[in-house]
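Source: prediction; values computed, not measured. All ligand and atom numbering here is 1-based and tracks the order in the structure.
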Amino acid sequence: MPSLDALRASVLSTRGGAVDDSIPQLADADPELFGVAVVHPDGEMAASGDADHLFSIQSAVKPFLFALALADTGGEALDQVGIEPTGEAFDALKLESHTGRPPNPMVNAGALLTANLVDGDSGDARSRRITAGLSAFAGRDLDVDREISESEQLHGDRNHALAHLMRSEGTLDQTADEAVAVYARACSVMVDATALAVMGATLAFGGRNPVTGEQVVSVAIARDVVSVMATCGVYDGSGRWMRAVGVPAKSSVSGAIVLSAPNRLGAAIVSPPLDELGTSVRGEALSRVLSDEYGLHSFGFPGRPSRSAEAETEVGVGVDRT
Ligand code: GLU
């Protein structure tokens, strides 16, 4: 098995994409930043490149907000948010037409709601609970970057619109401003690839953090969350992702991707340039490589060649398509 350095180096020629510019702090990201970390079942970690560079977690927080909401509501969050893929942009101003619920927890409407379903009798209390919960997933103390969260609130017009829409449907209890503030602070928690990889691993290993040994959420919750990552985690490219990479994951506008391969490993990659659907270009390329090298594809066939038909064609292996 090649080293993680060699696997990372194998995709350095992959270029393209553009850094997100929704807030100035994201627009300033270094496009050459490229880090990866992998966490194995015994908590052992491998890292390569800029794996200790801090960035805002952005949408990669959504699986963990869903997990905390499920934990704090005793599973009732599942009555309040759908679990179906949308085929729409992550910030589409749309709710389920027959219920008024957000379509799933991996789009903004859903995450605005799940962030506000966690325990706490005020916005600040919910944010403290979220930061503590994320820290338990990561196995270390994480913090919110206040400048980024204020910028998110200032520029998050669609999030304000979504919160008002949910209030008009009776789906959201809090004021729109308070709900957006809690969500914006959650998106502005600072992580590096090593912290995010441990978070992904905690879901991959049934809610138990493999580094600290803490059972952060139940096995049932981890299974629910990883299932929704598999169907809805990579924006509007979740089908393409599942075919090519085959590992439940969540991507984000900071160029981070968190991967949870059940019982196998957790991983995180950061590389800011994004494709047209919002997923890190190099992040996806390296995810494909990791999936192939470690045999992680959910629908692969152990012991038999498991690269996608497309990859086999690329490397010149004959594929009989008849
Ligand atoms: N802060 C971003 C927003 O809600 C997160 C977007 C993302 O990473 O997809 O607009």
Which ligand 1 atoms does [X] reach within 4.0 Å, using its non-hydrogen atoms?
| X | value |
| --- | --- |
| Ser252 | 8 (O) |
| Tyr183 | 3 (C), 4 (O), 5 (C) |
| Cys187 | 1 (N) |
| Glu152 | 1 (N), 2 (C) |

No-hydrogen, no-angle side-chain donor-acceptor test under 3.5 Å, Asp177 and Thr175: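 Not at all, the side chains of Asp177 and Thr175 share no donor-acceptor pair under 3.5 Å.
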Pair Arg126 + Asp72, salt bridge at N-O below 4.0 Å: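 The answer is no: the pair does not qualify as a salt bridge.
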Ion pair Asp124/Arg185, N-O distance below 4.0 Å: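 Judged by the 4.0 Å cut-off on N to carboxylate O distance, Asp124 and Arg185 do form a salt bridge.
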Which residue supplies the protein heavy atom nearest to [atom], what is that atom called, and how far is it?
| atom | value |
| --- | --- |
| atom 5 (C) of ligand 1 | Gln58 OE1, 3.2 Å |
| atom 7 (C) of ligand 1 | Ser59 OG, 2.7 Å |
| atom 9 (O) of ligand 1 | Tyr235 OH, 2.4 Å |

Side chain to side chain contact (heavy atoms under 4.5 Å, CB included) between Arg140 and Thr194, worked out: CA-CA 11 Å; Arg140 76 168 97 144; Thr194 64; 2.6 Å; yes
Sub-4.0 Å heavy-atom contact, Asn108 with ligand 1: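 So Asn108 counts as touching ligand 1.
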ILVMFWY cluster membership beyond Val198 - transitive side-chain contacts under 4.5 angstrom: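 Noted: Val198 shares its cluster with Val39, Met45, Val211.
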Asp91, portion touching ligand 1 at heavy-atom distance under 4.0 Å: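 Looking at Asp91 and ligand 1, no heavy atom falls under 4.0 Å.
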CD1/Ile83: more than 12 non-hydrogen atoms of other groups inside 6.0 Å: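 Counting other residues, nucleotides and ligands, CD1 of Ile83 stays at 12 neighbours or fewer.
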Plane angle bin for Phe137 and Phe64 - parallel if under 30°, tilted between 30 and 60°, otherwise perpendicular: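 Rings of Phe64 and Phe137: perpendicular, over 60°.
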